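Step one of this worksheet: look at the structure below.
We name chains A, B, ... by the order of the sequence lines, and we start the count at 1 in each one. Bear in mind the structure is a predicted one, so any value in this text is a computation, not a measurement.
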Protein chains: 2
Amino acid sequence: MAALTTTSYAILGWLSVRPWTTYELAQQLRRNLRFFWPRVESRIYQETKHLVTEGVAKGERSYVGRRGHTIYSITPKGRRALAVWMRQQNDRPLLEFEGLVKVFFGASATPEQLLAAIQSAKVLADEIQAAGVIVAREYLEGRSAWPDRAPLSGLIFDFLWNHAENLRRWAESSQQEVATWPTSSADKKTERAFQVFRTAIEQDEKRSRG
Amino acid sequence: MAALTTTSYAILGWLSVRPWTTYELAQQLRRNLRFFWPRVESRIYQETKHLVTEGVAKGERSYVGRRGHTIYSITPKGRRALAVWMRQQNDRPLLEFEGLVKVFFGASATPEQLLAAIQSAKVLADEIQAAGVIVAREYLEGRSAWPDRAPLSGLIFDFLWNHAENLRRWAESSQQEVATWPTSSADKKTERAFQVFRTAIEQDEKRSRG
DNA sequence: GCACGATACTCTATGTTGGAGTATATCTAG
DNA sequence: CTAGATATACTCCAACATAGAGTATCGTGC
């Protein structure tokens, strides 16, 4: 019997609110968690079944015409499992950033290719913020489906929005720098990097003193 | 024949510099890419073999006493593959953040549990910046193994350092907020969230106007 | 000479992706 | 009214990936 994963609890969390079909569950996970817990649809279909074998959810089969669907709901054991999870150690946030890998091996790339690699950060930033603006307006204009969730949503929003801001800021400033490289000198390029290093160390020292 | 993945190219990138043993490769990947392309050691051992079957690397077996080791080097086909990769589309950065999932379902958690979930961001921020300070000093004091890499390292450093700054800023401000919740009101908590939403929308509007 | 850390791997269960494949139900435009 | 598009509701598979355990040998410091 495999233990439950964060993906299991992400589904269980939704089931703790009300019963859902897997399709709806996949939709909610996609809409709400995609930027910090992305999982493909087929994984959700697998995992709902797993939740049932673990006894933390139960599925009820019904039909609309000849097409069946399963509505899942949480069991008392599921609620207890969710509470136990909340008490457990948290994994550190995990980042995978192919564009940065290309920058790392940028000696084998052209400046144009570096520009494109960096661009992938901006694309994500735009996506996050486009979604964010919609959510923010829904809350502010009282059109949100769960207005009570505003305080929690605010925390998540704060993280994601500023994550996006960092992605964008970095992308723009890095693209600007790389654009100068074809006509720049090694010294100039190195000096820019040293500037970055110095700023960071100053920040760090200020923090350890303060 | 499975296509090469970013992990393949991450290894190939190292091999484009000089030949390495898998142990050294795993070490370099860990030291240099762990914050934006983390892969377990056993994966590297698997993948070096795969690179050989794909013809992009070759392995030379030798012995120190009775213990063997394999030194991998890149082939001409490997260099071409690396160049092709550089031209290809980039995946968007990917984030997995269990702590945020717990915050999302925070209705089922205690404030202390939320505090702990948020803390996981700070732990990573400290890790990134502790590693960053060492690297920055190495470059600034001329003790770096590859001083020529400074311009590229500067770009990567800039992203990671500020990613860490955002993690820390968010963690501290969110923990401060959550700490008030046991004695706060729903209105106050919602107002804080609305403040976050409004700031974001203003930022967004300023950007689209400017 | 021995303990311990570094080097050099292998193995396995399970999680996960991404894409293809297969239906049926419902909505929308003509 | 009907055809085509879109939404709903799944299944299947190869390959990537993790985490942790397991197994050796080599080199260094005491």
Side-chain angles (χ1 to χ4, degrees), chain A residues 1-12 19-31 33-34 36-54 59-72 88-89 91-98 101, chain B residues 1-12 19-31 33-34 36-54 59-72 85 89 91-92 94-96 98 101:
Chain A
M1 242 196 293
L4 300 179
T5 63
T6 302
T7 301
S8 320
Y9 295 112
I11 296 174
L12 222 40
W20 307 82
T21 67
T22 316
Y23 184 85
E24 290 170 323
L25 242 16
Q27 213 173 218
Q28 294 301 330
L29 289 182
R30 165 139 198 78
R31 277 189 197 150
L33 310 183
R34 95 190 105 130
F36 54 96
W37 202 259
R39 287 301 177 269
V40 294
E41 215 195 2
S42 59
R43 188 69 195 75
I44 314 300
Y45 278 94
Q46 263 178 51
E47 191 57 30
T48 43
K49 288 184 193 166
H50 181 216
L51 293 181
V52 172
T53 71
E54 294 289 324
E60 204 168 323
R61 189 86 184 152
S62 58
Y63 287 85
V64 176
R66 319 168 3 122
R67 192 175 64 185
H69 59 131
T70 311
I71 296 167
Y72 290 91
Q88 276 161 8
Q89 277 280 321
D91 285 346
R92 282 187 291 289
L94 170 77
L95 179 74
E96 282 189 7
F97 191 169
E98 186 187 31
V101 179
Chain B
M1 242 198 291
L4 300 179
T5 64
T6 301
T7 301
S8 321
Y9 294 112
I11 297 174
L12 222 40
W20 307 83
T21 68
T22 316
Y23 184 85
E24 290 169 323
L25 243 17
Q27 212 173 220
Q28 294 302 330
L29 289 182
R30 166 139 196 78
R31 277 189 198 150
L33 310 184
R34 95 190 104 131
F36 54 97
W37 203 260
R39 286 302 176 268
V40 294
E41 214 195 4
S42 59
R43 189 70 197 74
I44 315 298
Y45 278 95
Q46 264 178 51
E47 191 57 29
T48 43
K49 288 183 194 167
H50 181 215
L51 294 181
V52 172
T53 71
E54 294 289 325
E60 205 168 323
R61 189 86 183 152
S62 58
Y63 287 84
V64 176
R66 317 165 8 118
R67 192 175 63 185
H69 59 132
T70 310
I71 297 168
Y72 290 91
W85 174 59
Q89 278 280 320
D91 285 347
R92 285 186 289 288
L94 171 76
L95 180 74
E96 282 189 8
E98 186 185 33
V101 179

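- Rounded to an integer number of Å, the gap from Trp37(B) CH2 to dC16(D) C1' is 10 Å.
- At whole-Å resolution of the value, OH in Tyr23(B) and C1' in dG5(C) are 9 Å apart.
- Scored by the side chain to side chain contact (heavy atoms under 4.5 Å, CB included) test, Val52(B) finds Tyr72(B) as partners (sequence neighbours excluded).
- Between Glu24(A) and Arg31(A), none of the side-chain N atoms (NZ, or NE/NH1/NH2) sits under 4.0 Å from a carboxylate O, so this pair counts as no salt bridge.
- In this structure, the CH2 atom of Trp20(A) is 13 Å from the P atom of dT8(D), given to the nearest Å.
- With Arg39(B) as the fixed residue, the side chain to side chain donor-acceptor pair (under 3.5 Å) test singles out one of Thr7(B), Thr6(B), Thr5(B): Thr7(B).
- Looking at residues two or more places apart in sequence or on another chain, you find no salt bridge (Lys or Arg N to Asp or Glu O under 4.0 Å) involving Glu98(B).
- Whole-Å rounding puts the Glu96(A) CD to dC16(D) P distance at 14 Å.
- Computed from coordinates, the Tyr9(B) OH to dC16(D) P distance equals 12 Å when rounded to whole Å.
- Considering only residues two or more places apart in sequence or on other chains, Trp37(A) meets the ring pair (Phe, Tyr, Trp, His ring centres under 6.0 Å) condition with none of them.
- Shown here are the ring pair (Phe, Tyr, Trp, His ring centres under 6.0 Å) partners of Tyr9(A), two or more places apart in sequence or in another chain: Trp85(A).
- Smallest separation of non-hydrogen atoms from Pro19(A) and Ile71(A): CB-CG2, 3.7 Å.
- Remark: P of dT8(D) and CZ of Arg61(A) are 16 Å apart, rounded to the nearest angstrom.
- Across residues 41-49 of chain A, Ser42(A), Arg43(A), Gln46(A) each have a non-hydrogen atom less than 4.0 Å from an atom of DNA chain C (numbered order).
- Glu60(A) CD: 12 or fewer foreign heavy atoms inside a 6.0 Å radius.
- Taking side-chain N and O atoms only, Thr21(A) has no distance below 4.0 Å to OP1 or OP2 of dT8(D).
- Glu54(A) and His50(A) form a side-chain donor-acceptor contact under 3.5 Å, judged by distance and modelled atom types alone.
- Nearest nucleotide to the Val40(B) side chain, out of dC9(C), dA8(C), dA19(D): dA19(D).
- Less than 4.0 Å separates DNA chain D from at least one heavy atom of each of the following residues of residues 63-70 of chain A: Arg67(A), Gly68(A), His69(A), Thr70(A).
- With rounding to whole Å, Leu94(B) atom CG is found 19 Å from dG15(C) atom P.
- Between the P atom of dG19(C) and the CG atom of Asp91(B) lies a distance of 10 Å, rounded to the nearest Å.
- Gln27(A) comes within contact range of the sugar-phosphate backbone alone, with a heavy-atom separation under 4.0 Å but no base atom that close.
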